[in-house]
Asks: 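If you scroll down you'll find the structure; I have some questions about it.
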Amino acid sequence: MSGRVLPRTFYADPSLRVARRLLGKLLVHETADGPTSGRIVEVEAYRGPADRAAHSFGGRRSARNEAMYGPPGHAYVYFIYGIHFCMNVVCREPDVPEAVLLRALEPVAGIAVMRARRALADAPEWRLCRGPGALCRAMGITRAENNADLCRGALRILDAPDVPARDVARTPRIGVDYAGADAARPWRFAVRSSWAVSGRRLR
DNA sequence: TGTCCGATTGGT
DNA sequence: CCAATCGGACAG
């Protein structure tokens with residue numbers, strides 16, 4: 001599992017740009033269970049105080065979303081529906097709360113470990129990291145990884161070839177119908193050719 | 001302190 | 001379509 005760790009400057013940009021560029025990169029997590037990794041194939045940009053769908057909408061700041069206000073290149077992990085965790089990558093400089101939600105990966109390494117963690121009988125590989133909650137479960141990402149530095153440590157993102165524009169789809173974000181006009185903005189990015197992408201089939 | 005509901009998932 | 005399951009956000 002080699003490859004350069006993405007430098008902090010990669011994340012010090014608007015979430016829309018970071019989201020697009022994150023496609024194709026490799027998320028790695030080394031735990032006591034063993035290493036797991038996957039290629040990022042679906043993400044969503046959350047754009048800060050002006051974005052009704054963002055946890056930082058209106059400048060909301062609390063213990064839960066504090067990581068969003070921290071330096072770029074860190075994880076923002078939150079607990080949702082009493083069951084699942086979701087992982088975001090924090091963007092931009094401190095006090096500018098933008099982030100990118102990781103929604104799906106193509107499993108690359110540690111597939112047996114992922115399958116064991118998912119506790120889904122005979123889960124096919126393409127299902128292991130499909131969806132933000134599923135991805136965290138398979139990768140062993142929980143509350144403990146909130147605020148983790150992605151540039152050094154057990155949870156990190158490695159550089160890998162960019163996905164060409166013709167293979168990238170843009171759609172509205174999923175599960176944010178409450179966000180009014182912002183619900184329709186095309187801030188979800190997904191790799192068309194990937195079988196691991198969540199939701200409805202892309203074109 | 002009490003109520004409401006979510007950036008989800010998997011099974012019916 | 002719906003239950004699972006809990007803690008954040010906000011009203012009072």
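Letters A, B, ... mirror the listed sequences (proteins, then strands); counts begin at 1.
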Asks: If we take the P atom in both B/dA7 and C/dC10, what is their distance in whole Å?
Replies: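 Per the computed distance, 12 Å lies between those P atoms.
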Asks: Rounded to whole angstroms, how far apart are CG on A/Asp177 and C1' on B/dT8?
Replies: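 So the CG-C1' distance, A/Asp177 to B/dT8, works out to 14 Å.
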Asks: Residues of residues 67-85 of chain A with any non-hydrogen atom less than 4.0 angstrom from an atom of DNA chain B: list those, numerically ordered, please.
Replies: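 Per residue number, the list reads A/Tyr78, A/Ile80, A/Tyr81, A/His84.
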Asks: Within the distance-only criterion (no hydrogens, no angle test), does the side chain of A/Thr31 pair as donor or acceptor with the backbone N or O of A/Gly34 below 3.5 angstrom?
Replies: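 Yes; at least one donor-acceptor contact below 3.5 Å.
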Asks: Which part of the nucleic acid, if any, lies within reach of A/Ala134 when heavy atoms closer than 4.0 Å are counted: base, sugar-phosphate only, or nothing?
Replies: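 It contacts sugar-phosphate atoms only.
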Asks: To the closest 0.5 Å, what do you measure between CD (A/Glu106) and CG (A/Leu26)?
Replies: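 Between atom CD of A/Glu106 and atom CG of A/Leu26 there are 10.5 Å.
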Asks: Between atom CZ in A/Arg117 and atom P in B/dT9, what is the gap in whole Å?
Replies: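 Value for this atom pair: 17 Å.
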Asks: Could A/Asp159 and A/Lys25 be called an ion pair, given the rule that one side-chain N must be under 4.0 Å from one carboxylate O?
Replies: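 Salt bridge: yes.
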Asks: Between B/dA7 and A/Arg188, is there an OP1 or OP2 to side-chain N/O distance shorter than 4.0 Å?
Replies: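 For A/Arg188, the contact criterion (side-chain N or O under 4.0 Å from OP1 or OP2 of B/dA7) is not met.
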Asks: Between A/Glu44 and A/Arg173, is there a salt bridge with N-O shorter than 4.0 Å?
Replies: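 So A/Arg173 does not pair with A/Glu44 through a salt bridge.
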Asks: Mapping A/Arg127 and A/Val176 to their closest nucleotides on DNA chain B, which lands nearer the 5' end?
Replies: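 Closest to the 5' end, via its nearest nucleotide, is A/Val176.
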Asks: Just to be sure I understand the rule, does A/Asn65 reach a base, reach only the sugar-phosphate, or reach nothing, if contact means heavy atoms closer than 4.0 Å?
Replies: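 No contact at all - A/Asn65 keeps every heavy atom at 4.0 Å or more from the nucleic acid.
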Asks: Mind calculating the distance between CG (A/Leu135) and P (B/dA7) to the nearest angstrom?
Replies: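 Taking atom P of B/dA7 as the reference, CG of A/Leu135 is at 17 Å.
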Asks: Round to the nearest Å and state the distance from A/Ile141 atom CD1 to B/dT8 atom C1'.
Replies: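 It is 16 Å, rounded to the nearest whole Å.
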Asks: Expressed in angstrom and rounded to an integer, what is the separation of A/Trp126 atom CH2 from B/dT9 atom C1'?
Replies: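 Taking CH2 of A/Trp126 and C1' of B/dT9, I get 13 Å after rounding.
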Asks: Between A/Tyr46 (OH) and B/dA7 (C1'), how many Å, whole number?
Replies: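 In whole Å, B/dA7 C1' lies 4 Å from A/Tyr46 OH.
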Asks: Rounding to an integer number of Å, can you tell me how far A/Leu101 CG sits from B/dA7 C1'?
Replies: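 These atoms are roughly 6 Å apart.
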Asks: From the set C/dC10, B/dA7, C/dG7, return the single nucleotide nearest to any side-chain atom of A/Arg60.
Replies: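 Nearest to the side chain of A/Arg60 among the choices is C/dC10.
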Asks: Which ranges of DNA chain B pair up as stems, where a stem means three or more consecutive Watson-Crick or G-U pairs with both distances under 3.5 Å?
Replies: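 In DNA chain B, stems of three or more pairs: B:1-6 with C:6-11, B:8-11 with C:1-4.
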Asks: Could you state the atom-to-atom distance from NE2 of A/His55 to P of B/dA7 in whole Å?
Replies: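 Result: 4 Å.
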Asks: So, OP1 or OP2 of C/dA9: does either fall under 4.0 Å of a side-chain N or O from A/Arg64?
Replies: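 Answer yes for this pair, as a side-chain N or O of A/Arg64 is under 4.0 Å from OP1 or OP2.
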Asks: Look only at the side chain of A/His74 and the backbone of A/Asn147, and say whether a donor-acceptor pair between them is shorter than 3.5 Å.
Replies: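 Judged by distance alone, yes, a pair lies under 3.5 Å.
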Asks: May I ask you to say whether A/Asp51 pairs ionically with A/Arg185, meaning some side-chain N is under 4.0 Å from a carboxylate O?
Replies: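 So A/Asp51 does not pair with A/Arg185 through a salt bridge.
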Asks: Distance from A/Asn146 atom CG to A/Glu66 atom CD, nearest 0.5 Å?
Replies: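 CD of A/Glu66 is found 10.0 Å from CG of A/Asn146.
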Asks: Under 6.0 Å from the CZ atom of A/Arg17, do we count more than 12 heavy atoms belonging to anything else shown?
Replies: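 Counting other residues, nucleotides and ligands, CZ of A/Arg17 stays at 12 neighbours or fewer.
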Asks: Any donor and acceptor pair, going by atom type alone, linking the side chain of A/Arg137 with main-chain N or O of A/Arg117 inside 3.5 Å?
Replies: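 Checking the backbone N and O of A/Arg117 against the side chain of A/Arg137, a donor-acceptor pair under 3.5 Å is found.
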Asks: Do A/Glu30 and A/Arg156 sit within salt-bridge range, that is, some charged N less than 4.0 Å from a carboxylate O?
Replies: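 Here A/Glu30 pairs with A/Arg156 in a salt bridge, since their nearest N and O are under 4.0 Å apart.
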Asks: Is the phosphate of B/dG10, meaning OP1 or OP2, less than 4.0 Å from a side-chain N or O of A/Arg118?
Replies: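 So the side chain of A/Arg118 is within the cut-off, an N or O lying under 4.0 Å from OP1 or OP2 of B/dG10.
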